[in-house]
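In what follows, a single structure is set out as structure tokens and then discussed.
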2 protein chains.
Amino acid sequence: MTVKRNTWQKDAVRHALSESAGFVSAQQLHQVLHAHGSTIGLATVYRALADLLLAGDADSITSTDGQLLYRACGTSHHHHLVCRECGLTVEIDADQVEAWASGIGGANGFTDVSHTIELFGLCRGCRGL
Amino acid sequence: MTVKRNTWQKDAVRHALSESAGFVSAQQLHQVLHAHGSTIGLATVYRALADLLLAGDADSITSTDGQLLYRACGTSHHHHLVCRECGLTVEIDADQVEAWASGIGGANGFTDVSHTIELFGLCRGCRGL
DNA sequence: GACTTATTGACATTCATTATCAATAAGACT
DNA sequence: AGTCTTATTGATAATGAATGTCAATAAGTC
Ligand SMILES: [Zn+2]
Ligand SMILES: [Zn+2]
Ligand SMILES: [Zn+2]
Ligand SMILES: [Zn+2]
């Protein structure tokens, strides 16, 4: 049983992620950290983000060009409404949809049904209102 | 105005995709085509699939290891319930969720709201029933 | 402080996807 | 059928996100 160790690198990634608005890529986080004087390695950023995902402290979605984007996130299950222009993100919980999702699974003979739901739109600011 | 041309390669990809059950990767399609004697190039498979996506004749999702998976698909908007073991796929339409999705957008000041919804579960067969 | 080993980071490697570009062939027109 | 234009093809190179490697470092324990 491997014992986890706390390092300033993990804290730096967690902190940088929580400072970011909207979703960020691992590479972007690495650049931001370096811009602030950190010497953290790229591979370490990837590893720290993978840990955060497993721990449920971060969410991830796949961007249109195929790379993973991360976002700090509480432990409760929820989904996101993301502006496709500026990345502004709103957390939404969707009780109706949660119920629907598990119901549909059962109706088709499926068990252990999980789901991914992402909403994309244009926010007020990006419409120039 | 570039005029589209019809080629046996595009037909081959469309046909191979419609024969496939569940989602397939571009590389898998290329292998299947070659196994059936075709000499189509890999880049051409990618191009044909991209065209099918634009035309709305195919769906795509991102697999857990990051690659794009394609599936033949009618033109009507719908979603998928996919067995995470065998890939068995059921098309579902989700009127409640469609309404919910566009409603949530408006409630938060977003317009032009689109969404992605994927359900994953374990089908009857894969539970050994 | 000494010790064990989880973790780091520079670098190499993998691999899906895209770009290049000369060769091919679809479609239009005669 | 033949000619011409150019969209398309395919072998190959290039891109780039993500992961593997491994000696050096440092967290946690005693
Ligand atoms: Zn916006
Ligand atoms: Zn949910
Ligand atoms: Zn199954
Ligand atoms: Zn829908």
Side-chain angles (χ1 to χ4, degrees), chain A residues 1-17 20 22-55 57-71 87 116 118, chain B residues 1-17 20 22-55 57-71 87 116 118:
Chain A
M1 33 263 337
T2 57
V3 180
K4 287 275 177 189
R5 295 181 183 177
N6 297 324
T7 63
W8 63 264
Q9 287 93 338
K10 291 178 183 173
D11 286 338
V13 170
R14 180 184 277 108
H15 185 257
L17 189 62
S20 306
F23 287 89
V24 236
S25 70
Q27 315 254 359
Q28 286 175 333
L29 266 187
H30 181 239
Q31 287 177 3
V32 168
L33 285 164
H34 269 227
H36 285 300
S38 175
T39 61
I40 191 174
L42 177 59
T44 304
V45 174
Y46 275 100
R47 286 186 283 239
L49 286 173
D51 285 347
L52 290 176
L53 276 191
L54 280 183
D57 293 330
D59 263 352
S60 74
I61 60 175
T62 306
S63 73
T64 51
D65 61 341
Q67 60 185 349
L68 268 186
L69 305 181
Y70 303 84
R71 179 164 194 280
T116 66
E118 297 294 339
Chain B
M1 330 295 131
T2 58
V3 180
K4 286 275 177 190
R5 294 179 183 177
N6 297 324
T7 64
W8 64 264
Q9 286 93 339
K10 291 178 184 174
D11 286 337
V13 170
R14 181 183 275 107
H15 185 257
L17 189 63
S20 306
F23 286 90
V24 236
S25 71
Q27 315 251 1
Q28 286 174 331
L29 265 187
H30 182 239
Q31 287 177 2
V32 169
L33 285 163
H34 269 227
H36 285 301
S38 174
T39 61
I40 191 173
L42 178 59
T44 303
V45 174
Y46 275 101
R47 285 186 284 240
L49 286 173
D51 285 347
L52 289 177
L53 276 190
L54 280 184
D57 294 331
D59 264 351
S60 74
I61 59 176
T62 306
S63 73
T64 50
D65 61 341
Q67 59 185 351
L68 268 185
L69 304 181
Y70 303 85
R71 180 164 194 277
T116 66
E118 299 292 339

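Letters go in sequence order (proteins before strands), and every chain restarts at 1.
Side-chain atoms of Leu29(A) and Tyr70(A), non-hydrogen and from C-beta on, never get closer than 4.5 Å to each other. Put simply, the side chain of Phe23(B) reaches to within 4.5 Å of the side chain of Ile61(B), judged on heavy atoms. No side-chain heavy atom of Thr62(B) sits under 4.5 Å from any side-chain heavy atom of Leu69(B). Looking at Leu49(A) and Leu53(A), their side chains never come closer than 4.5 Å, going by heavy atoms from C-beta outward. Looking at heavy atoms from C-beta onward, Trp8(B) lies in side-chain contact with Ser38(B) at the 4.5 angstrom threshold.
Between the side chain of Lys10(B) and the main chain of Leu52(B), no donor-acceptor pair closer than 3.5 Å is present.
Note: CG (Asp51(B)) to P (dT17(C)) measures 16 Å, nearest angstrom. The distance from atom CD of Gln67(A) to atom P of dA17(D) is 6 Å, rounded to the nearest whole Å. Per the geometry, CG belonging to Leu68(A) stands 18 Å off P belonging to dC15(C), to the nearest Å. Between the P atom of dT17(C) and the CD atom of Gln28(B) lies a distance of 11 Å, rounded to the nearest Å. dT20(C) atom C1' lies 17 Å from atom OH of Tyr46(B), rounded to whole Å. The CG atom of Leu29(A) sits 12 Å away from the P atom of dA18(D) (whole-angstrom rounding).
A rotation axis mapping the C1' atoms of four pairs onto the next four is fitted at both ends of the helix from dG1(C)-dC30(D) to dT30(C)-dA1(D) over five pairs, and the angle between these axes is 40° to 10 degrees.
A side chain to side chain contact (heavy atoms under 4.5 Å, CB included) with His34(B) is found for one member of His30(B), His36(B), Gln31(B) and no other, namely His30(B).
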Could you list, one pair per line, each protein nitrogen or oxygen that sits under 3.5 Å from a nitrogen or oxygen of nucleotides 9-13 of chain D, together with the distance?
| unit_1 | atom_1 | unit_2 | atom_2 | d |
| --- | --- | --- | --- | --- |
| dT9(D) | OP1 | Thr7(B) | OG1 | 2.7 |
| dT9(D) | O3' | Gln9(B) | NE2 | 3.0 |
| dG10(D) | OP1 | Gln9(B) | NE2 | 3.2 |
| dG10(D) | OP2 | Gly41(B) | N | 3.1 |
| dG10(D) | OP2 | Thr44(B) | OG1 | 2.7 |
| dG10(D) | N7 | Arg47(B) | NH2 | 2.4 |
| dG10(D) | O6 | Arg47(B) | NH1 | 3.4 |

Show each protein N/O and nucleotides 23-25 of chain C N/O combination with a separation under 3.5 Å, one pair to a line.
none

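The distance from atom CG of Leu68(B) to atom CG of Asp59(B), rounded to the nearest 0.5 Å, is 11.5 Å.
Residue pairs meeting the salt bridge (charged side-chain N to carboxylate O under 4.0 Å, His left out) criterion with at least one partner in residues 26-51 of chain B, sequence neighbours excluded, are Lys4(B)-Asp51(B).
Place Lys4(B) and Leu69(B) on DNA chain C by their nearest nucleotides, and Leu69(B) ends up nearer the 5' end. Along DNA chain D, the nucleotide nearest Gln27(A) and the nucleotide nearest Val3(A) are compared for position; the residue whose nucleotide lies closer to the 5' end is Gln27(A).
Gln27(A) is linked by a side chain to side chain donor-acceptor pair (under 3.5 Å) to Tyr46(A), counting only residues two or more places apart in sequence or in another chain. A search for side-chain contact (heavy atoms from CB on, under 4.5 Å) contacts involving Asn6(B) returns nothing, not counting sequence neighbours.
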